[in-house]
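Presented below is the structure to which this report refers.
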Amino acid sequence: MHAKNQGDYPRDSSPKISFIQRHLRLVILWPLSALLLIALLWGVVYSKLENDKKILQENAAKQAVSISKAYAQYLTRSIEQLDQLAQQIKYGWEQSKGYLGFEEMIGKGLLNVPQFSSVAIYDVDGRPLTTSVPVTQMFTVSDREYFKFHAHNMSTELRISTPTIGRLSKERIVQVTRRLENEDGTFAGVLVLGLAPEFFTLFADDPILGHDGVLAFIGNDGVERVAQMRGRKNDALSLVSFPLRPEHSASNIVSNTRQYADTDTHFIATQKLKGYPFFVMVGLSKEDILLPYENNLALYRKIALFGSALLLLFATAAMWMSVRLAWRKQQADAIRETYRIATEGGNEGFYILLPMRDRNEFITDFQVVDCNEKGASFYNMSKDKFTGVKVSDFYSGEYFDKVMQAYRIAMETGFFEDDYQVPADSPIDAEWLKRKFVRSDNGLAITLRDISEPKRHEREMSRLATEDGLTALPNRHWFMSYLPKALENAKANATMLAILFIDLDDFKNVNDTLGHSAGDQLLCTVAKRLRSVLRPSDKVIRIGGDEFTVILEAIHSEEEAAHIAHAINQVLREPFEIPRDTTSQKNRIGCSIGISIFPRDGQDVETLIKNADIAMYAAKTGSKGQFRFYDHTLYEDIKMRLNTEQELQQAIKEDQFLIYYQPRVQTQTGKLLGIEALIRWQHPTRGLVLPNDFISLAEESGLINPIGELVVDKVCAQLASWRKQGVEVVPVSVNVSPHQFNEGKVKKSIAASLAKHGIPASLLEIELTESAMMRNIGDIFDELTAINEMGIKVHVDDFGTGYSSLSLLQRLDMDILKIDQAFTSQLGRGKDGEIFFTAIVSMAKALGMRVVAEGVETLEQLHILQTLSCDEVQGYYVAWPLPADNIADIIRKQNLFP
């Protein structure tokens with residue numbers, strides 16, 4: 001088929017042109033008549049629609065005013081109730097001189113708080129005095145805007161802040177606050193009522209507001225307290241509290257509310273709250289209000305369009321037959337021209353191939369009989385030279401057979417299409433092709449399009465979706481898609497597969513001290529080290545944060561996984577050198593590893609991942625830098641641990657703890673010198689639980705802080721009770737955990753309990769273990785100094801089980817040194833035990849400290865300690881730990897030796 005030149009195309013015949021010229025008026029009459037009727041039809045339709053729109057807009061304006069009034073009345077009533085409640089609480093608190101707590105008020109029916117997220121009173125330093133929500137961790141609100149305002153302004157009026165995250169409730173709340181004052185008018189603290197922002201926007205769910213309706217609760221200062229669009233919770237809320245300034249006008253508010261609703265898109269109405277410096281703003285969405293108009297507009301348009309179409313169809317029918325032949329010819333010419341332009345100037349290569357057959361009509365080859373320039377360019381040839389070539393001229397051997405197979409399928413089925421990756425030895429200059437084969441009569445029409453760039457983009461997007469952006473390791477998405485295939489392969493090949501969950505130890509310290517940039521550098525180095533100790537077939541994945549996962553495939557024993565886990569631990573123990581400006585710093589982290597094995601520890605992805613995580617958690621809770629294989633008992637241990645932790649939280653809430661007391665006497669005379677307070681947990685089902693079974697868990701979970709405060713308060717209360725009974729009490733020592741010192745609140749907590757129960761500081765003593773004291777010297781030194789200045793003696797407990805510095809003991813100015821019972825039990829079994837005691841007693845005397853021997857259980861031990869000049873003894877030989885009811889009689893005795 002040869003292409004025609006432009007001059008070869010036939011022109012319109014002169015008889016047809018003259019026919020159209022003779023009947024031109026008749027041809028034009030019908031379209032003009034139809035256009036006039038169409039214009040009349042559309043004029044009537046739009047007049048009706050505009051009238052409907054005007055009515056809807058007038059009703060919407062009235063509706064916005066009505067809703068704003070109702071919303072203003074609702075908020076006025078709500079604020080009046082809050083104001084009255086705040087005044088009642090303020091009056092009750094000030095009348096009780098700060099001794100009336102919310103628990104007591106709730107019990108007396110004076111405070112109903114279901115609608116509040118929290119109710120709290122903070123002292124002059126911004127610390128919570130009493131709250132409706134248990135305080136699990138001490139904090140201060142002295143940096144809050146409302147606290148600063150009340151502290152420096154005499155006004156006792158109610159203030160309402162913008163929404164923020166409450167430090168007590170940990171929820172997003174609006175804080176309603178009032179100043180508390182002493183009798184002389186000085187600042188005594190702040191009352192804070194925390195309400196959910198939805199309390200002020202109940203109207204937002206009113207269907208009358210429509211989908212995009214807006215409610216805003218705004219102060220005279222022009223700042224929104226709460227703003228919400230229907231269907232969008234907490235939309236565009238301000239996070240800063242502003243003082244109220246009544247001099248602001250409504251015009252300020254309307255201009256400020258344009259960030260929520262523009263007058264071009266909403267019908268806006270504002271209303272002032274009676275008696276309070278606030279406004280409300282209501283915005284009804286024009287889109288919702290005018291929805292009936294839009295629906296009618298679409299319907300009427302369809303009717304008008306349908307009528308117009310009928311008129312045009314009728315108008316064109318009269319002239320259709322006169323131009324039919326000419327139109328068909330013109331259309332055919334246009335199609336041919338368009339096809340020629342498209343095939344010659346498009347991005348697709350186009351070919352017409354004819355099959356070449358043997359005697360049995362089997363297709364042995366194809367010959368190009370037509371193509372476009374783009375098609376020829378794929379083979380680096382011109383169109384003229386490419387026309388006439390055969391497929392076998394470019395392909396041979398196995399490659400020729402594959403190409404011919406695709407061509408034969410297209411000839412048999414009539415159609416074939418695929419994305420084809422071009423082999424490296426192909427004559428086609430492309431990486432990927434979109435091929436489409438269509439059978440046409442006895443030939444084959446082929447189009448080729450170069451899709452190499454989209455395919456490269458697709459590969460890059462796939463890589464980004466499955467690769468960690470920081471370390472270039474595969475990410476969690478890749479891991480979850482690859483692991484099922486790896487399990488199928490392991491099942492098919494009857495091999496084992498191991499999953500190693502790796503969690504870096506002490507990584508948070510690097511982030512906190514050196515910054516996130518240093519942390520990122522360390523993670524990249526960790527990724528390189530992990531690759532260095534793994535086999536080429538192993539996969540290492542960064543799950544997120546400081547967690548990595550390794551997949552070990554085709555292993556045959558647990559020892560292989562253990563060997564690799566050990567290698568990982570070793571390589572991550574090596575110091576990491578992190579550049580810091582012009583210097584570098586070495587850091588050590590290590591890791592904890594949990595391992596699950598397929599098929600032993602699970603048959604599916606979810607189970608194996610869960611079990612590896614459990615094993616890692618077990619490794620983490622033990623000594624750091626270890627690896628653990630999954631064991632079904634681990635899950636039970638973790639489950640029991642979590643259950644115990646929950647029970648311990650409930651025990652704190654319900655005060656299920658008892659205090660037992662063990663006397664401490666003078667070694668020579670048996671005279672009572674002091675008592676040690678020992679905690680017991682009165683479990684509702686397990687009975688009396690000793691501290692060894694729950695104290696370590698309390699320290700790890702952070703529950704030791706409220707427990708420690710509870711013990712101090714109970715001891716002070718008991719001392720007050722004994723004194724009231726006329727008992728000549730002796731000092732009581734209380735064990736304090738190093739975790740409590742980390743919070744920096746031990747001194748304040750003790751001082752508060754002593755003041756609460758009217759106990760002199762000399763009757764309370766503090767015991768701190770030797771090892772804890774050494775680990776946290778930086779944290780506890782200031783606290784211990786403050787405690788000593790109060791007149792409270794400090795004991796070094798369990799001495800001998802850790803390691804101490806004599807200079808440190810001297811610097812901390814400790815009063816009493818208690819030797820652990822492990823060394824007391826060695827007395828009478830040889831000279832070594834006595835030599836150890838003699839050395840400790842001499843050291844303690846030199847430092848001005850008294851020595852107490854713990855765990856004295858026999859008369860022989862007592863006699864040896866008497867000869868060694870030990871100051872005091874404590875143990876079962878003297879007395880067992882006893883309930884508080886039995887201690888009064890013990891105190892009255894002069895000699896506690898049997």
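The structure presented is a predicted model; accordingly, all values stated were derived computationally and were not measured.
- Here the side chain of D125 pairs no donor or acceptor atom with the backbone of R127 at under 3.5 angstrom.
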| query | Run the side-chain contact (heavy atoms from CB on, under 4.5 Å) check on Q826 and F836 step by step: do they pass? | reply | CA-CA 10 Å; Q826 298 301 314; F836 179 81; over 6 Å; no
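- Looking at Q656 and E654, their side chains do bring a donor and an acceptor atom within 3.5 Å of each other.
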What pairs of donor and acceptor atoms, side-chain ones from residues 715-723 against any protein atom, are under 3.5 angstrom apart with sequence neighbours left out?
unit_1: S721; atom_1: OG; unit_2: Q725; atom_2: NE2; d: 3.2
unit_1: R723; atom_1: NH1; unit_2: G758; atom_2: O; d: 3.3

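- Side-chain contact between K671 and N895 is absent, with no heavy-atom pair separated by less than 4.5 Å.
- With respect to S592, the side-chain hydrogen bond (donor to acceptor under 3.5 Å, both in side chains) criterion is satisfied by exactly one of N569, D503, D505: D505.
- In this structure the side chain of V794 reaches within 4.5 angstrom of the side chain of I787, judged on heavy atoms.
- Among L896, L673, V856, the single residue meeting the side chain to side chain contact (heavy atoms under 4.5 Å, CB included) criterion with V665 is L896.
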| field | L678/I659 under side-chain contact (heavy atoms from CB on, under 4.5 Å): CA gap, chis, key distance, verdict | value | CA-CA 6 Å; L678 303 170; I659 304 298; over 6 Å; no
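- From D889, atom CG reaches atom CG of D885 across 10.0 Å, with rounding to the nearest 0.5 Å.
- The salt bridge (charged side-chain N to carboxylate O under 4.0 Å, His left out) search around R829 returns none, not counting sequence neighbours.
- Residues I595 and I593 meet the side-chain proximity criterion, which asks for heavy atoms closer than 4.5 Å.
- Taking CG of L827 as the start and CD1 of I819 as the end, the distance is 8.5 Å to the nearest 0.5 Å.
- Shown are E765, E676, E767; of these, the side-chain hydrogen bond (donor to acceptor under 3.5 Å, both in side chains) with S733 is made only by E767.
- In summary, the side chains of T669 and Q666 do present a donor paired with an acceptor at a separation below 3.5 Å, with no hydrogens or angles considered.
- Q874 and K818 share a side-chain donor-acceptor pair at under 3.5 Å.
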Show me the side-chain donor-acceptor pairs of residues 839-851 shorter than 3.5 Å, one per line, residues at least two apart or across chains.
unit_1: S842; atom_1: OG; unit_2: T838; atom_2: O; d: 2.9
unit_1: K845; atom_1: NZ; unit_2: D871; atom_2: OD1; d: 2.6
unit_1: K845; atom_1: NZ; unit_2: D871; atom_2: OD2; d: 2.8
unit_1: R850; atom_1: NE; unit_2: E872; atom_2: OE2; d: 2.9
unit_1: R850; atom_1: NH2; unit_2: E872; atom_2: OE2; d: 3.3

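- Remark: of the listed residues D613, T607, I614, I614 is the sole one forming a side chain to side chain contact (heavy atoms under 4.5 Å, CB included) with Y630.
- By the 6.0 Å contact criterion, NZ on K793 is open, its count of non-hydrogen atoms from other residues, nucleotides or ligands being 12 or less.
- Between H863 atom NE2 and L868 atom CG the span is 13.0 Å, to the nearest 0.5 Å.
- Atom CD of Q175 is separated from atom CD1 of I165 by 10.0 Å, given to the nearest 0.5 angstrom.
- With a 4.5 Å cut-off on side-chain heavy atoms, I707 and I652 count as touching.
- Side-chain N or O atoms of S749 include none that pairs as donor or acceptor with a backbone N or O of V746 at under 3.5 Å.
- If you take CD on Q662 and CD1 on I675, they are separated by 10.5 Å, rounding to the nearest 0.5 Å.
- The shortest heavy-atom contact between E857 and Y877 is C-CB, 3.6 Å.
- The shortest heavy-atom contact between L168 and Y122 is CB-OH, 3.9 Å.
- Using a 4.5 Å heavy-atom threshold, the side chains of I173 and L195 count as separate.
- In this structure, F627 and F629 have perpendicular ring planes: the angle between them is above 60°, well past the 30° mark.
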| request: Determine, step by step, whether Q821 and T824 satisfy the side-chain hydrogen bond (donor to acceptor under 3.5 Å, both in side chains) criterion, reporting the C-alpha distance in whole Å, the side-chain angles of both residues, the deciding distance to 0.1 Å, and the verdict. | output: CA-CA 5 Å; Q821 60 184 356; T824 306; over 6 Å; no
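- The two residues F501 and M616 come nearest to each other via the heavy atoms O-CG, 3.6 Å.
- The CZ atom of F657 sits 5.0 Å away from atom CD1 of I679, with the distance rounded to the nearest 0.5 Å.
- With hydrogens and angles ignored, the 3.5 Å screen pairs no side-chain donor or acceptor of H795 with any backbone N or O of D797.
- In this structure, the side chains of R588 and R573 stay at 4.5 Å or more apart for every pair of heavy atoms.
- Between R664 and I816, some side-chain heavy-atom pair lies under the 4.5 Å cut-off.
- The heavy-atom pair separating D693 from V689 by the smallest distance is CB-CG1, 3.7 Å.
- In summary, the side chains of D713 and H757 do present a donor paired with an acceptor at a separation below 3.5 Å, with no hydrogens or angles considered.
- Here the side chains of E645 and L703 are in contact, with some heavy-atom distance below 4.5 Å.
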| Do I121 and W93 pass the side-chain contact (heavy atoms from CB on, under 4.5 Å) test, and can you show the C-alpha distance, the side-chain angles, and the key distance before you say yes or no? | CA-CA 9 Å; I121 289 180; W93 177 262; 3.4 Å; yes
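- Nearest approach of S825 to Q861, heavy atoms of both residues: CA-NE2, 3.7 Å.
- T667 places a side-chain N or O within 3.5 Å of a backbone atom of C870 that can act as its donor or acceptor partner.
- For the pair A698 and L648, the tightest heavy-atom approach, listed with the atom from each and the gap, is CB-CD2, 3.7 Å.
- The cationic group of R680 lies under 6.0 Å from the six-membered ring centre of Y660 and within 45° of the ring axis, placing it in a cation-pi geometry.
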